[in-house]
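Everything on this sheet refers to the single structure shown next.
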Amino acid sequence: MATEKISLYNLADLKNTTDDALPNYLNSLKFKQSHFLTDVRLALGYSAFVIAAACFGWDYQFGFDNTKYYTAGAVAIYALLNGFLTFWLSMVEKGTVYQGTAPSGERVTIRTSTKKNDPTYYVTVISEHKTGEPQSIQISRPFSSWFDETGRFVAKPFQEFLATSVPAIGKQDPKKAKSSLPDVYSANAEVLDAILAGTGATGNATGADATETKSKRRKA
């Protein structure tokens with residue numbers, strides 16, 4: 001995936017680029033995105049702007065003395081709108097970058113955050129079924145897992161991170177959902193011997209039997 005290069009030392013750019021990739025991936029999996037939180041935020045912001053513009057317009061047209069009571073009311077409404085916007089961002093959205101419904105009917109809310117001087121992407125996923133209590137999953141991964149050394153975003157490892165960590169996403173993209181268990185059978189013979197010796201998994205094989213077992217495994 002060809003993307004614009006960003007600075008690997010700019011934490012805000014790393015987060016924003018990753019946040020932008022998240023809805024693109026989920027929507028490609030047939031998730032139905034909800035824009036309710038964004039719509040409310042935009043409505044509050046535009047309402048405050050309209051009031052400020054109207055206040056300027058009638059003051060310019062009719063003068064301050066003729067509109068001072070209207071101006072005072074507009075200032076009060078503007079302050080209330082901005083106060084509610086602050087409340088909405090901090091107490092309702094809480095860093096939410098995605099809300100949507102999976103094809104299975106499961107409602108998913110994803111919130112992301114970072115910590116100062118910590119290049120790690122922290123994700124909280126809240127899954128809500130039609131029946132049952134909401135389930136919350138907290139996961140994290142360094143940004144270096146999906147940004148290469150030149151500062152380009154690489155989609156596949158990021159998608160694998162989500163599909164592996166979040167069951168609702170893994171169901172829709174099982175090819176990218178990796179198992180968290182080590183692939184023992186792909187290890188070489190020396191590694192297998194060390195694992196078996198450390199766990200005592202050689203069982204009752206002793207002496208010549210144990211040697212023969214190791215020899216057969218190496219040949220295989």
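Hydrogens, waters and symmetry mates are skipped; everything else that's a heavy atom, side chains included, is used. Numbers for residues simply follow the sequence, beginning at 1.
Considering only heavy atoms from C-beta on, Glu93 comes within 4.5 Å of Arg41 through its side chain. Using a 4.5 Å heavy-atom threshold, the side chains of Thr164 and Lys176 count as separate. With contacts defined as side-chain heavy-atom distances shorter than 4.5 Å, the pair Asp148/Phe153 does not qualify. Side-chain atoms of Asp19 and Tyr121, non-hydrogen and from C-beta on, do get closer than 4.5 Å to each other. Taking the side chain as every heavy atom from C-beta outward, Phe158 and Thr18 approach each other to under 4.5 Å.
Test Ile110, Val123, Asp20 against Val97 for side chain to side chain contact (heavy atoms under 4.5 Å, CB included) and you get one pass: Ile110.
Of all heavy-atom pairs between Gln172 and Pro103, the closest is NE2-CG, 3.3 Å. Annotation for Ser145 and Pro157: closest pair O-CB, 3.4 Å, computed over non-hydrogen atoms. Across all their heavy atoms, Gly170 and Ala177 have their closest contact at CA-CB, 4.2 Å.
In terms of modelled atom types and a separation under 3.5 Å, the side chain of Thr17 and the main chain of Leu14 share no donor-acceptor contact. Not one N or O on the side chain of Thr96 forms a donor-acceptor pair closer than 3.5 Å with the backbone of Tyr98. Side-chain atoms of Asp59 come within 3.5 Å of backbone N or O of Phe64 as a donor-acceptor pair.
Leu81 CG to Thr86 OG1: the interatomic distance, rounded to the nearest 0.5 Å, is 11.0 Å. To the nearest 0.5 Å, the span separating CG on Leu11 from CG on Asn117 amounts to 8.0 Å. To the nearest 0.5 Å, atoms NZ (Lys171) and CG (Leu29) are separated by 13.5 Å.
No side-chain donor-acceptor contact under 3.5 Å links Thr101 and Arg107. Side-chain atoms of Asp118 and Tyr122 include a donor-acceptor pair closer than 3.5 Å. Checked by atom type, the side-chain pair Tyr25/Asp173 shows a donor-acceptor distance below 3.5 Å.
At least one cation-pi condition fails for Lys15 and Phe143: the charged atom is not both under 6.0 angstrom from the six-membered ring centre and inside a 45 degree cone around its axis.
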### Query
For Leu37 and Val92, what are the C-alpha separation, side-chain angles and deciding distance, and is it a side-chain contact (heavy atoms from CB on, under 4.5 Å)?
CA-CA 8 Å; Leu37 294 178; Val92 179; 4.0 Å; yes
### Task
Apply the test side-chain contact (heavy atoms from CB on, under 4.5 Å) to residues Trp58 and Asn66: give CA-CA distance (whole Å), side-chain angles for both, the deciding distance (0.1 Å), then the verdict.
CA-CA 9 Å; Trp58 65 54; Asn66 295 328; over 6 Å; no
### Task
Please step through side-chain contact (heavy atoms from CB on, under 4.5 Å) for the pair Arg111 and Ile126, ending with a clear verdict.
CA-CA 8 Å; Arg111 297 168 178 165; Ile126 302 173; 3.8 Å; yes
Give the table of side-chain donor-acceptor pairs shorter than 3.5 Å for residues 132-141, with sequence neighbours excluded, one pair per line with atom names and distance.
none

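The cluster map of Ile, Leu, Val, Met, Phe, Trp and Tyr, joined by side-chain heavy atoms under 4.5 Å apart, puts Met91 and Leu89 in the same cluster.
Identified under the ring-ring contact (aromatic ring centres under 6.0 Å, His included) test for residues 28-53, with sequence neighbours left out: none.
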